[in-house]
Number of protein chains: 2
Amino acid sequence: MCQTAEVDRDLLDLPVLFLGAARALIDGIDAGVRARGFTEVRPAHGFAFALLSHGGATTVELAHHLDITKQAASQMIEDLVGRGYVERRPHPDDARARLIVLTDKGWACTRAAEEAADEILRPWADALGTERLAALRADLSRLAVPGRLRPIW
Amino acid sequence: MCQTAEVDRDLLDLPVLFLGAARALIDGIDAGVRARGFTEVRPAHGFAFALLSHGGATTVELAHHLDITKQAASQMIEDLVGRGYVERRPHPDDARARLIVLTDKGWACTRAAEEAADEILRPWADALGTERLAALRADLSRLAVPGRLRPIW
DNA sequence: TCCAGTTGGTCAGGCTACTTGACTACATAG
DNA sequence: CTATGTAGTCAAGTAGCCTGACCAACTGGA
């Protein structure tokens, strides 16, 4: 069976469309989070919170999740500790490691982000119809996209 | 008529999926471009080339396209001129402005990026089916995403 | 035709989120 | 007990962006 000889020319703007969609969502959520009073957090912090909301994580786990060095992750954590969004606890299994967990403020910020995401996505659902948006999500998740998050360039 | 009360919980990972898809495409294209011998260019340059490939542009037009300041655009152009990807020409209509155009090397790099994009998208087309991928593209383009490109954060 | 305000571009300096490299403390395998 | 590996921090450097100041050229109105 012969594979597709060439990808349809129209598809070449997919990178732009994906980047635009990602930016629209992330910027919108960021704006919503700021509007809810959390003016010190960047979008990257949101992706960090998403990891930490599942029982906490270590510095290196966060670094891996965000695809940055452990030093950079350590700096981000230091910053977030200073602003009261997370705290360092001794790790139950490893005296070298520390378990980074969300504080109440961190949880509040995470909930604000979810509300904001909901707000941004509603017009998308209205524009496309819920079933098409769900289909889009299903297709995306089938593309086996790597789970690591990182700024684009 | 009552709008959707709440967005489906599953949809909340759309930001991650979009960002992942954008990253997968952009990283893949970047790797393909490097593999073809253009090791000095960043993904942002690709988006610059995409604009310049339509008859050239001025510094401020490029700045607007990339959503950066004109100073940053000027620095990028200076860098690309030094590496031989673009050149500055006097602007036909405005003595203040300069028309930035691709050199032969710039065009070669642009073609390499298109080949790389094709290469990356083919497995996607195979995984989803061409009609489904085309539908996905159509949906995305209906979302009226802003045309300005920029790093994510 | 002149002048005021606008616009295209550069120069200079600064900021910030990252990087690499070196190091300590603790863990784990032999 | 020792050798190697891993979690985290400290220190210094860097790349790509920013703001502010400036000059030259365009534009519109009196």
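Throughout, protein chains are lettered first and strands after them, A, B, ... in sequence-line order, and every chain is numbered starting at 1.
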Response to the item:
Here the pair of heavy atoms bringing Leu102(B) nearest to Thr110(B) is CD1-OG1, 3.8 Å

Worksheet item: When the distance from CD of Glu78(A) to P of dA17(C) is rounded to whole Å, what number comes out?
Response: 14 Å

Worksheet, complete the sentence: Separation of dA17(C) atom C1' from Leu66(A) atom CG, nearest Å, is 12 Å

Practice prompt. Using a heavy-atom cut-off of under 4.0 Å over every strand shown, decide if Ala72(A) touches base, sugar-phosphate, or nothing.
Written response: base

Worksheet entry | Non-hydrogen atoms of Glu40(B) and Arg83(B) that approach each other most closely | OE2-NH1, 3.6 Å

Worksheet item: Does Thr59(B) have a side-chain nitrogen or oxygen under 4.0 Å from the phosphate oxygens OP1 or OP2 of dG8(C)?
Response: no

Practice prompt. Give the rounded distance in Å between these two atoms: NE2 of His91(B) and C1' of dT7(C).
Written response: 13 Å

Worksheet entry | Carboxylate-amine/guanidinium contact Lys70(B) Glu61(B), below 4.0 Å | no

Worksheet item: Expressed in angstrom and rounded to an integer, what is the separation of Asp79(B) atom CG from dG16(D) atom P?
Response: 7 Å

Practice prompt. Check whether the ring centres of Phe18(B) and Trp124(A) lie less than 6.0 Å apart, and answer yes or no.
Written response: yes

Discussion item. Base, sugar-phosphate or nothing for Thr58(B)? Non-hydrogen atoms, less than 4.0 Å.
Written reply: sugar-phosphate

Practice prompt. Would you kindly give the CE-to-P distance between Met76(A) and dT19(C), to the nearest whole Å?
Written response: 10 Å

Item to complete: Could you pull out the closest heavy-atom pair between Leu99(A) and Gly55(A), with the gap in Å?
Response: CD2-O, 4.0 Å

Worksheet item: When the nearest nucleotide of DNA chain C is assigned to Lys70(A) and to Asp93(A) on a heavy-atom basis, which residue is associated with the more 5' position?
Response: Lys70(A)

Practice prompt. Please evaluate the base of dG20(D) for a donor-acceptor partner in the side chain of Gln71(B) within a cut-off of under 3.5 Å?
Written response: yes

Practice prompt. Choose from dG9(C), dA27(C), dT9(D) the nucleotide whose nearest atom is closest to any side-chain atom of Arg96(A).
Written response: dA27(C)

Worksheet item: What integer distance in Å separates Leu62(A):CG from dT9(D):P?
Response: 12 Å

Practice prompt. Output yes when at least one side-chain N/O atom of Thr69(B) is less than 4.0 Å from OP1 or OP2 of dC18(D), else no.
Written response: yes

Worksheet item: Between dG5(D) atom P and Asp94(A) atom CG, what is the distance in whole Å?
Response: 17 Å

Item to complete: May I ask you to verify whether the side chain of Gln75(A) and the base of dG8(D) hold a donor-acceptor pair under 3.5 Å?
Response: no

Worksheet item: Nearest of dT9(D), dA27(C), dC18(C) to any side-chain atom of Ile68(A)?
Response: dC18(C)

Practice prompt. Answer yes or no: does a side-chain N or O of Arg88(B) lie under 4.0 Å from OP1 or OP2 of dG8(C)?
Written response: no

Response to the item:
Whole-Å distance, His64(B) NE2 to dT7(C) C1', equals 15 Å

Worksheet item: Between dT6(D) and Arg98(A), is there an OP1 or OP2 to side-chain N/O distance shorter than 4.0 Å?
Response: no

